[in-house]
Amino acid sequence: MIKNEAMKIVSQQEIAESIYELTLSGSLVSEMNQPGQFVHIKTGNGYEPLLRRPISISAIDKENNTFTMVYRAEGKGTFLLSQAKNDTEIDVLGPLGNGFTPEVAISGETALLVGGGIGVPPLYELSKRLTKLGVNVIHVLGFQNAATVFYEEKFRALGETYITTVDGSHGTKGFVTDVIDILSNSYTTIFACGPTPMLRALESAYKETKEVFLSLEERMGCGIGACFACVCHTADDPTGFQYKKVCSDGPVFRAGEVVL
Amino acid sequence: MNMLDIQLPGLDLKNPIMPASGCFGFGKEFGNLYDLNILGAIMVKATTPEPRFGNPTPRVAETSSGMLNAIGLQNPGLTNVMKDELPRLNQFDVPIIANIAGSQVEDYVTVAREISKVSNVKALELNISCPNVKEGGITFGTDPVVARKVTEAVKAVSEVPVYVKLSPNVTNIVEMAQAVEAGGADGLTMINTLMGMRFDMKTGKPILANKTGGLSGPAIKPVAIRMIYEVSQAVNIPIIGMGGIMTAEDVIEFFYAGASAVAVGTANFTDPFVCPKIIEELPVLLKKLGFNHISECTGRSWNKHAQFANHRA
Ligand SMILES: Cc1cc2nc3c(=O)[nH]c(=O)nc-3n(C[C@H](O)[C@H](O)[C@H](O)COP(=O)(O)OP(=O)(O)OC[C@H]3O[C@@H](n4cnc5c(N)ncnc54)[C@H](O)[C@@H]3O)c2cc1C
Ligand SMILES: Cc1cc2nc3c(=O)[nH]c(=O)nc-3n(C[C@H](O)[C@H](O)[C@H](O)COP(=O)(O)O)c2cc1C
Ligand code: FES
């Protein structure tokens, strides 16, 4: 069930350049069950900024009633959020949307997890779930440069991990697709989150041969399916009236389900 | 004692708070968050004769204390709204105000004729003011002659009272209000969004795919208040006010300006529980201000006969 709660900041730290890891505690955690879901956060107290910010859940810790997000402080709202101090409260609405279903991969199989920039965080909880199910995981994570790389060791602890940077300052120079192209073709499922061009490239290359699941990003108003800000066309009716809402039908869709 | 009940043409309201059209869908999603029975009424999303997909995304952009939207009247069309959306709202004891839109007079007539027959639809809201539709939607709302004509045509077929939603994108709002009153409108709702634009810092291009969008939220509240103040003194039909309402205090200010009920739009995105919160806070605030009933607030700003509230503080 979707809940609204003032959640307490357990910890917040900058883990890479302008990248913050924020852990909150509260009863809302008991509603979180699926990797890839997100929360809608009110980053300031007044009317500025007015809209909530959608941020993915990157780790769920039911035992301690906490969950973690990793986000980039970029604009007004995320910058404000990064200034919030321990033991203060953050207004959280969630969990929202339909995330990844790790169970589509079977024990013993291999899954490829592909993340670009701030699309990497939701893959962490997903990877933990997959490995718990006995699925082998390969991670290919793309960043701008060495300074913005995060969670490399955490992912490495769960499985094979490749890092790419656009400027080549860490890992392979180039995009995630440059690594995937030369990987052995051992995986059956792909889970991806990141910029739309990356998702498009994965969809067109692997839609026919693999099970592909993509997490989309769109500007949002309500975050719960009521305002029609975040709709996309369905692939079988690309210019018609059929639609999906990224916030409540997604953000995760099977490749080929919606028009990217 | 109920301090909040209000009677308006077609509408028997337990309180004067209702979600604004387009900010609440057809109630389904918010119905999962709280009991919709507590609402005074629900203004549902605009309905057009045929389904509409709406505009390309991005459809929203944040602004200082506000937001721009260019949804483009996405809706499943009259048949589906009648078949799926309105019946689902039957489980609630809440009057529905059906927002209707179109690109020509016949569209409004078609939707009005059918939708006004639905049992829980207690009033219509003619959206003659949506700034996001290309095929002329805006001209209905900015030309008094056309606005009157569409009002008359809808009144001729509607089985329930008709409220006309005014656009703030005009130089003379009073003239518009008087024109639709002369056309037979039973009430007014105001204001719709103000046309605006924002550009992306990096690309220099509009953030919205539609380029322009409608500004809503606290940023437009003073404009709404001023327009309601002017119009309420110049017409004899009630006004449902809207534009930037976030708190119970805002509601009272709209009443002072001349509103008899209010709708809450954008605030539902900031706080999905804002309507129940306002409904709970209003009686407390009214008491603090010395009122026995919210209707005593209507038009206080200009009504010379209004008595000073009995201050008990
Ligand atoms: C489902 C989903 C999950 C996300 N998960 C993460 C995450 O885990 N970590 C992370 O760093 N970022 C994530 N994002 C992106 C994040 O929402 C934006 O970076 C953030 O909203 C920008 O806010 P701002 O205050 O920095 O920017 P501003 O420029 O102040 O934002 C202005 C408006 O534009 C919207 N906006 C701007 N960029 C985006 C964007 N890329 N996507 C959606 N809305 C945007 C804002 O929400 C706000 O309404 C996610 C987005 C979505 C849709
Ligand atoms: C996302 C969004 C969608 C809207 N859709 C409609 C609509 O379909 N029909 C309509 O008459 N008004 C629509 N409006 C206008 C609102 O009903 C309201 O008049 C306006 O937003 C001002 O109120 P607010 O500041 O409380 O949001 C929409 C507003 C928003 C923000
Ligand atoms: S953000 Fe409102 S419908 Fe998706």
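Proteins come first, then strands; the chains are lettered A, B, ... in the order of their sequence lines, and each starts at number 1.
- Contacts of residues 51-58 of chain A with chain B at a heavy-atom distance below 4.5 Å involve A:Leu51, A:Arg52, A:Arg53, listed in sequence order.
- Other residues, nucleotides and ligands contribute more than 12 heavy atoms inside 6.0 Å of the NZ atom of A:Lys62.
- By number of non-hydrogen pairs under 4.5 angstrom with chain A, the leading residue of B:Gly54, B:Gly66, B:Gly217 is B:Gly66.
- Annotation for A:Tyr206: atom OH counts as buried by contact number, over 12 foreign heavy atoms lying within 6.0 Å.
- Other residues, nucleotides and ligands contribute only 12 or fewer heavy atoms inside 6.0 Å of the CG atom of B:Asp93.
- In terms of heavy-atom pairs under 4.5 Å with chain B, the best-connected choice from A:Val231, A:Ile2, A:Thr239 is A:Val231.
- When the shell of 6.0 Å around CD of A:Gln144 is examined, it contains 12 or fewer heavy atoms from other residues, nucleotides or ligands.
- More than 12 non-hydrogen atoms from other residues, nucleotides or ligands lie less than 6.0 angstrom from CD of A:Glu89.
- Between A:Arg219 and B:Ile207 the shortest side-chain heavy-atom distance falls below 4.5 Å.
- Residue B:Thr266 touches chain A through its side chain alone, counting heavy-atom pairs closer than 4.5 Å.
- Among all heavy-atom pairs drawn from B:Arg59 and A:Phe228, the shortest one is NH1-O, 2.7 Å.
- Going from atom CD of B:Glu29 over to atom SG of A:Cys227 covers 9.5 Å, rounded to the nearest 0.5 Å.
- Inter-residue side-chain proximity for A:Phe241 and B:Pro76 is flagged as unmet; no heavy-atom pair is nearer than 4.5 Å.
- For B:Gln91, the CD atom counts as densely surrounded, since its 6.0 Å shell holds more than 12 non-hydrogen atoms of other residues, nucleotides or ligands.
- B:Pro272 touches chain A through its side chain: at least one heavy atom from C-beta onward sits under 4.5 Å away, while N, CA, C and O do not.
- Other residues, nucleotides and ligands place no more than 12 heavy atoms under 6.0 Å from the NZ atom of B:Lys28.
- A:Leu93 touches chain B through its side chain: at least one heavy atom from C-beta onward sits under 4.5 Å away, while N, CA, C and O do not.
- B:Phe273 touches chain A through its side chain: at least one heavy atom from C-beta onward sits under 4.5 Å away, while N, CA, C and O do not.
- Contact count against chain B (heavy-atom pairs under 4.5 Å) is highest for A:Gly225 among A:Cys230, A:Gly223, A:Gly77, A:Gly225.
- Although no hydrogens or angles enter the test, the distance criterion places a donor-acceptor pair under 3.5 Å between the side chain of B:Glu62 and the main chain of A:Leu50.
- Looking at B:Lys45, the atoms closer than 4.5 Å to chain A (heavy atoms on both sides) all sit in the side chain, from C-beta outward.
- The two atoms that bring B:Phe53 and A:Cys232 nearest to each other are CZ-C, 4.0 Å, heavy atoms only.
- Here the side chains of B:Thr270 and A:Lys42 are in contact, with some heavy-atom distance below 4.5 Å.
- Considering all non-hydrogen atoms of both residues, A:Ala229 and B:Val60 come closest at CB-CG1, 3.7 Å.
- Considering every non-hydrogen atom in both A:Glu48 and B:Ser65, the closest pair reads OE1-N, 2.5 Å.
- There is no contact between A:His40 and chain B, counting heavy-atom distances below 4.5 Å.
- Here the shortest heavy-atom pairing between A:Ala226 and B:Phe30 reads CB-CE1, 3.5 Å.
- In this structure, A:Phe79 places its CZ atom where only 12 or fewer heavy-atom neighbours from other residues, nucleotides or ligands lie under 6.0 Å away.
- Looking at A:Lys76, the atoms closer than 4.5 Å to chain B (heavy atoms on both sides) all sit in the side chain, from C-beta outward.
- Using a 4.5 Å heavy-atom threshold, the side chains of B:Asn32 and A:Ile224 count as separate.
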